[in-house]
Amino acid sequence: MPESIAGIVERVTFHNPDTGWAVLRVQSGRQRGLVTVVGSTPSIYAGEHVTAIGSWVQDRDHGVQFKAESLEVSPPHGRAAVARYLSSGLVKGIGSHFAQKIVDVFGDRTLQVIDESPSFLAEVKGIGPKRIELIRESWRQQKSVRQIMMFLQSLGVGTNRAVRIFKTYGESAIETIRANPYCLATDIWGIGFRTADEMAQKLGIPRDSPARARAAILYILKELSGEGHVGFPEGGVLEQTSALTEIEIDRLRESVAELIRDDEIVCDRTPSEPWLFLRRLHRAECGAAATLVALTRGPHPLPRVDWERAVSWAGAKMQVQLAPAQADAIRQSLRSKVLVVTGGPGVGKTTIVRGIVEIFAAKKLRVALCAPTGRAAKRLSETTGREAKTIHRLLEFDPSSGGFQHDENRPLDFDLIVADESSMIDITLFHSLVRAVSQWACLLMVGDVDQLPSVGPGSVLGDVIRSGAVPVVRLTQIFRQAQSSYIVRAAHSVNAGEMPESAPAGSGDFYYVPAETPGEIIDKILTMVRDRIPAKFGLHPLNDIQVLTPMNRSELGSRALNQSLQAALNPPGPPEVQRFGWTFRVGDKVIQTENNYQREVFNGDIGRVARVQPEDRELVVNFEGKDVSYDFDDLDELSLAYAITIHKSQGSEYPAVVVPLHTQHFLLLRRNLLYTAITRGKKLVTVVGARRALGRAVAQADDSRRYTLLAERLKQESARGTPPGNP
């Protein structure tokens, strides 16, 4: 026979907002006194009243607990409970200090005043109009979010996205979801088709409904774009959608036609078969091709110059002897509106950039340097001695329009745009960049085409090179000063399909450390990061050392490695916050996992947790000297970054890199993956793992294909007019 207990929540020991699972310390008001209650509830705070129905159990590790089959939560009553409730951080602007002061003034009417007449809070000393407005808005949001949480839980869906849902749909959230739950998969980051589909079934939407078919097609195209494809053959999209939904392909074709009519997707005919595109990606690819080719045909901003004298002058100015390929690249830049310079480490790309910039500057022309990530921009600035910005900051995001301030209607006021690390620019960012380059300006794209392609959709640098629409300088000669670097030699060996040479102990910058089992690899990585590398090379374990792994999951994936490294380098200690499967503490190394233009932080940016503020429900991260605040409910944008995937490291450079390799990474062991990891290290690279895995990575060329039509579109655009470049 189930029992019931009721009481005040003294402390929330643990609560997972995704599953609802909670461990509570409850003052039951009976002879038992303070008891442990475990069960599920969408949200719970100290001070609230709970009624639990269930039974007493003897937990092996934690002793006697009340295991609740159901938990009913009601608002707190009594001054002490209300003060504890408001001190929990539930309401922004009310911490423990103001919670007690408010209760002292309003007593048992406190929650009623906050709910119905928050302006009366001005009677509390220290609470002004700004704080009252913060409290009013936070209280309103919490009420709505709780309703959404209860609604989601009734459908058997995790509640950790409730705040995002409220911020997107406002007070009409539940009504919107009831009408079309599939909108969640499109509108809410972190909610996929399967979650929305689960809700739809419980709301009684037929499995063969047109809305379900349309949502599934859009979901498959979105997933494919996440794998790097700009478009995809229609047959493949239909097959994957049918496998997901069990809807017949003929019915899906009808939905494809509807989506095309509604301008949500585009169908392009290729010589072999039709391809489907999300509208925004199709617009970006077509727009980028047309704009880039048009740019090649405009007038060059440099006046007529003696090319040979200019090249000689640049070499003398930099005090370097230019190699023939470097001189040719600089010469090309003086007559070509668009130029690509590509090559591996140690081949002199930076010298070319410096030489070109020096010539433009000497002619009083304006130059802008940019790169896809903050770290890449910082490195570009250091190597050139000139200011460099991320592409996002160069283009200036406009929150009011949701786009960039600079475009074809307000182009960048520069004569030369240098885009470094171009291999990691995806098609949408590339389109935004080229449309903001004025017709009189030059564009110099610099990057290593042999690295991994961009995290986002497209293979821009490779496609531009393959198209033949713009001049390309490919550098292959390794300069003498770079030849002494084992990192440079290892990178070029791997790129050539050869096993890299490990430096003699203590006398180089690239090492291979054998380790066969995952456990052995983890132990060696922890020892290296925590002890050996800091002691021998004087590098900081958090600021200077980055672990790069091929994948997210598995024992040697980024998630598991992060947990091990966090425990070793930043052990538990208050304050901390648990959200979305991560525990965040002051000092933690974290990475932004999506572009957030309002905060001006972007996918791949790495920072350190500066503050955790439970009373304000905020976490503050310092990114390269800039503090950025996150509400606890927005922490799904962050992950720990003691270890990150090699893909996420693109465009960045670290003093030291440690790379685990094991056969459990089998499907991802590719030459360009290992090559990219090695080229991320500046002073030290250590590969730890099984020789068989290393051999596999070196031997296996990347034969995967990204479905894009940029190269073909560039060829077509180029064929419509005169060749690129000035005669």
Side-chain angles (χ1 to χ4, degrees), residues 5-15 17 22-37 41-52 71-147 149 163 166 574-577 586 611-620 629-633:
I5 65 169
I8 304 297
V9 178
E10 291 285 331
R11 185 174 76 249
V12 179
T13 303
F14 175 80
H15 182 239
V23 180
L24 313 173
R25 294 289 283 169
V26 177
Q27 185 67 48
S28 68
R30 298 166 51 185
Q31 290 183 349
R32 288 185 178 272
L34 197 62
V35 299
T36 298
V37 176
T41 180
S43 67
I44 188 72
Y45 292 93
E48 290 186 305
H49 187 273
V50 293
T51 301
L71 277 174
E72 182 179 332
V73 182
S74 56
H77 44 79
R79 293 187 172 209
V82 170
R84 190 176 296 110
Y85 179 63
L86 294 177
S87 298
S88 67
L90 168 73
V91 184
K92 287 187 177 181
I94 303 180
S96 56
H97 174 66
F98 280 117
Q100 191 59 57
K101 292 179 72 171
I102 292 170
V103 171
D104 288 343
V105 173
F106 298 107
D108 293 338
R109 296 187 303 116
T110 294
L111 297 184
Q112 182 182 359
V113 168
I114 295 173
D115 189 39
E116 299 174 5
S117 307
S119 59
F120 287 1
L121 293 172
E123 297 178 22
V124 180
K125 186 177 180 180
I127 296 184
K130 288 185 178 179
R131 188 175 293 273
I132 289 174
E133 185 55 35
L134 179 63
I135 292 170
R136 185 202 308 270
E137 179 57 30
S138 179
W139 182 264
R140 184 182 75 87
Q141 176 173 310
Q142 286 300 324
K143 285 181 65 178
S144 297
V145 167
R146 281 201 164 201
Q147 292 175 347
M149 284 181 166
V163 173
F166 171 76
E576 63 181 30
V577 57
V586 173
R611 296 187 295 280
V612 177
Q613 302 168 164
E615 290 186 353
D616 295 329
R617 295 175 57 79
E618 281 191 345
L619 179 143
V620 178
S629 297
Y630 294 80
D631 186 278
F632 282 177
D633 294 309

Can you give me the closest heavy-atom contact between K125 and F98, atom names plus distance? O-CE2, 3.9 Å

Let me confirm one number: the OH-CD distance from Y45 to Q142, rounded to the nearest 0.5 Å. 4.5 Å

Non-hydrogen atoms of V620 and S629 that approach each other most closely: CG2-OG, 3.7 Å

Rounded distance [0.5 Å steps], CD1 in I94 versus CD1 in I135: 4.0 Å

Any idea which heavy atoms bring A6 and T51 closest together, and the distance? CB-OG1, 3.9 Å

Checking the side chain of H15 only, and the main-chain atoms of T41 only, is there a donor and an acceptor separated by less than 3.5 Å? yes

Contact summary for V35 and S28, nearest pair of heavy atoms: CG2-CB, 4.4 Å

Between E10 and R84, is the closest basic N to carboxylate O distance under 4.0 Å? yes

For the residue pair E48 and S43, what are the closest heavy atoms and their distance? OE1-O, 4.5 Å

Calculate, to the nearest 0.5 Å, the distance between atoms CD and NE2 belonging to Q27 and H49 respectively. 11.0 Å

Using a strict cut-off of less than 4.0 Å between a Lys/Arg side-chain nitrogen and an Asp/Glu carboxylate oxygen, indicate whether R136 and E133 qualify as a salt bridge. yes

Could you note down all residue pairs passing salt bridge (charged side-chain N to carboxylate O under 4.0 Å, His left out) where residues 105-115 supplies at least one of them, sequence neighbours left out? D115-K143

Side-chain heavy atoms of V12 within contact of L24, under 4.5 Å: yes

Enter the distance from F166:CZ to R140:CZ here, rounded to the nearest 0.5 Å. 4.0 Å

Min side-chain heavy-atom separation V91-Y85 under 4.5 Å: no

Taking side chain as C-beta onward, heavy atoms only, is Q112 less than 4.5 Å from F106? no

Evaluate the side-chain proximity of P76 to L111: yes if any heavy-atom separation is below 4.5 Å, no if none is. yes

Enter the distance from Y630:OH to E618:CD here, rounded to the nearest 0.5 Å. 12.0 Å

Are E576 and V612 side-chain neighbours, meaning at least one heavy-atom pair lies under 4.5 Å? no

Of the non-hydrogen atoms in A22 and I44, which two are nearest, and what is the gap between them? CB-CG2, 4.4 Å

Measure the OG1-CZ distance between T36 and R25 for me, rounded to the nearest 0.5 Å. 4.0 Å

Do L71 and V37 have side-chain heavy atoms sitting under 4.5 Å apart? yes

Taking only residues two or more places apart in sequence or in another chain, which ones pass side chain to side chain contact (heavy atoms under 4.5 Å, CB included) with S87? S96, A99

I102 versus F120: any side-chain heavy-atom pair under 4.5 Å? no

Check whether any side-chain N or O of K101 sits under 3.5 Å from a backbone N or O of V124 as a donor-acceptor pair, and report yes or no. no

Got a sec: does the CD of E137 have more than 12 other heavy atoms crowding it under 6.0 Å? yes

